[in-house]
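Quick notes on the structure that follows.
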Amino acid sequence: MGDSFQSRGKGIQLSQKSKRRTHSQKGRLNFFLVAIFAVVVFVAWFNYRTIAGLGANQIETTKSSSFIAAPESSSSIAAPKIAYAISVVKCGDAQTTSSGLMDAAIILRHSVHQTSIRNPGSSSKYDYQMYAIVHRDALKCSRDLETVGFKLEVVDPPINPKDIRGDFLRTHIHKAWCCGSDEFIKLYAYGLTKHPLVVHLDIDFMMMNPMDKLFDLMLTETPTDDMWNGVEMQFKDGKRPARLEAAITRDYQDIAPGYKAAFQAGFIVLRPDPSVIKRYTDVVLEGNFVRGNDCSKNGWGGLGYGCLTGDMAMQGLGAYYYDEVAPNTSIELNMCRYNFMAGDNLYRPGGKSYMPGRKQYGKCRDNSDSCEDCTQTDLDLVYNVHLTNCRKPWNCPGKAFNRAVKNKDLNPGLRHLVQDLKGQSKYIELNM
């Protein structure tokens, strides 16, 4: 199955008091997010253990009748089925421990289910199918994903770094965050043509509310103004493509106002189209990536898509692709609603990439005149959460992230929440 799949396409100056208050608010929000995660882990753990205890012969039947994959009613069978895909690039590093992978996969699957038509209380009209796009070398830590309802697509990377014509990119892409050229297996999401739309996600993700308004917009040939206005975008005057191919968010929390922001590669909603894979890989193989200290003239095409986390891989490439290669085919979603990370989108002390004395102090990082403070967003308004600012949940030290504990894991046992209920209580206690 993997080989045939692969063949389809390789924002004021702040007083000290207000700064302390801001950090405290951010800490509380981080606690709330982690507490949500802990509660969901417990529910998922209980159900998963119930399934696991039934024995291998009963797993296939049970997973279709449990919370993990409730029976498909006549309404869900007739409903449009959205593909939700993750990519597993490698095993055994700080990002992807086997236990962390399974914990997160169960939670993601449960949250997708809860916001789909299979949960009558969700009000959604869309069904789902889970996929895992697995690098062939990561199969050993990914096989169990099948037991919790993921279809595995085992692939090789769509490019060989040796074939890249640009010298700098060819000799440096292996250093790109997170996974060098292997990260390009994410492009195979465009090959899931059995589905009208694909949501590609990082594994540390939870759905909070149905995304029906976005799905409706993308699947309607001529959307009405009401449909456009119903989807929260990053900019009020955002473009409305004639044919909407993708919906993305950007990593504004990583830049100062006025600079290009990377594509946030942990989330995208796309129309599957295998030809997009080739267009992406053609850019990579050309290798026109400029390295230099001028962040306005480096990166892909020498157009300022460098100086970014993951600039040589999907984060930089994705921004370049939808801005330059395929312009006017995507929309940019509100980072306080979609792919929510409680990221600080105001340029102020404590945030990423902050440098004292800059003229941009206190401005919106997306360079707009005003912006919502995502650290204060009401979670009831959020469609999905990306649990990454405190590292992956199983690596989070259990306190609000700050530079003082950046490289210190305060409680290694927190990585094993699903296996250890005592770890659950410790996890919550550390965040009280």
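Numbering of residues begins at 1 and proceeds along the displayed sequence. Please read these numbers as outputs of a predicted model, since none were measured by experiment.
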Quick one: does [X]'s side chain get under 4.5 Å of [Y]'s, heavy atoms only?
{"X": "Met314", "Y": "Phe184", "value": "yes"}
{"X": "His195", "Y": "Tyr131", "value": "yes"}
{"X": "Lys81", "Y": "Ile117", "value": "no"}
{"X": "Val155", "Y": "His135", "value": "no"}
{"X": "Lys140", "Y": "Cys91", "value": "yes"}
{"X": "Phe263", "Y": "Asp323", "value": "no"}
{"X": "Leu379", "Y": "Phe340", "value": "yes"}
{"X": "Tyr84", "Y": "Leu108", "value": "no"}

Could you tell me whether [X] and [Y] make a salt bridge, using a distance below 4.0 angstrom between a side-chain N and a carboxylate O?
{"X": "Asp163", "Y": "Arg170", "result": "no"}
{"X": "Arg118", "Y": "Asp127", "result": "yes"}
{"X": "Glu183", "Y": "Lys90", "result": "no"}
{"X": "Asp167", "Y": "Arg291", "result": "no"}
{"X": "Glu153", "Y": "Lys151", "result": "no"}
{"X": "Lys278", "Y": "Asp273", "result": "no"}
{"X": "Arg165", "Y": "Glu286", "result": "no"}

ask   = Does the pair Asp202 and Lys186 meet the rule for a salt bridge (Lys or Arg N to Asp or Glu O under 4.0 Å), with working shown?
value = CA-CA 10 Å; Asp202 276 359; Lys186 292 179 177 181; 3.7 Å; yes

Do [X] and [Y] get their side chains close enough for a donor-acceptor pair, meaning under 3.5 Å?
{"X": "Asp366", "Y": "Ser368", "result": "yes"}
{"X": "Tyr126", "Y": "Asp216", "result": "yes"}
{"X": "Asp204", "Y": "His386", "result": "yes"}
{"X": "Thr377", "Y": "Glu372", "result": "yes"}
{"X": "His174", "Y": "Ser181", "result": "no"}
{"X": "Gln234", "Y": "Tyr252", "result": "no"}
{"X": "Tyr383", "Y": "Glu232", "result": "yes"}

message = Just verifying a value: how many Å separate Met218 CE and Ser330 OG, rounded to the nearest 0.5 Å?
response =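 OG of Ser330 is found 9.5 Å from CE of Met218.
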
key: CE on Met130 to CD1 on Ile82, rounded to 0.5 Å   =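 So the CD1 of Ile82 and the CE of Met130 are separated by 12.5 Å.
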
query = Which residue pairs satisfy the disulfide (SG to SG under 2.5 Å) criterion with at least one member in residues 189-306, sequence neighbours excluded?
reply =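 Residue pairs passing disulfide (SG to SG under 2.5 Å), neighbours aside: Cys295-Cys307.
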
request  = Begin from the C-alpha positions of Phe215 and Leu197 and carry the test side-chain contact (heavy atoms from CB on, under 4.5 Å) through to its verdict.
outcome  = CA-CA 8 Å; Phe215 296 158; Leu197 293 174; 3.7 Å; yes

Check: [X] side chain, [Y] main-chain N or O, donor-acceptor pair, under 3.5 Å:
{"X": "Gln315", "Y": "Ala265", "value": "yes"}
{"X": "Asn298", "Y": "Gly292", "value": "yes"}
{"X": "Ser124", "Y": "Ser116", "value": "no"}
{"X": "His110", "Y": "Ile106", "value": "no"}
{"X": "Asn229", "Y": "Asp225", "value": "yes"}

request  = Sequence neighbours left out, what passes ring-ring contact (aromatic ring centres under 6.0 Å, His included) with Phe235? Give chain and number order.
outcome  =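 Testing Phe235 for ring-ring contact (aromatic ring centres under 6.0 Å, His included), a comparison that skips the adjacent residues, returns none.
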
Please find the pair of heavy atoms, one from [X] and one from [Y], that lie closest to each other, and give the distance.
{"X": "Ser122", "Y": "Pro210", "value": "O-CG, 3.4 Å"}
{"X": "Gly191", "Y": "Pro274", "value": "CA-CG, 4.5 Å"}
{"X": "Val148", "Y": "Arg109", "value": "O-NH1, 2.8 Å"}
{"X": "Ala246", "Y": "Tyr322", "value": "CB-OH, 3.4 Å"}

task = Look at the rings of Trp300 and Phe289 and say which category their plane angle falls in: under 30° parallel, 30 to 60° tilted, over 60° perpendicular.
result =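 Answer is perpendicular, since the angle exceeds 60°.
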
ask   = Can you name the residues that form a salt bridge (Lys or Arg N to Asp or Glu O under 4.0 Å) with Arg279, not counting sequence neighbours?
value =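 Salt bridge (Lys or Arg N to Asp or Glu O under 4.0 Å) list for Arg279, sorted by chain: empty.
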
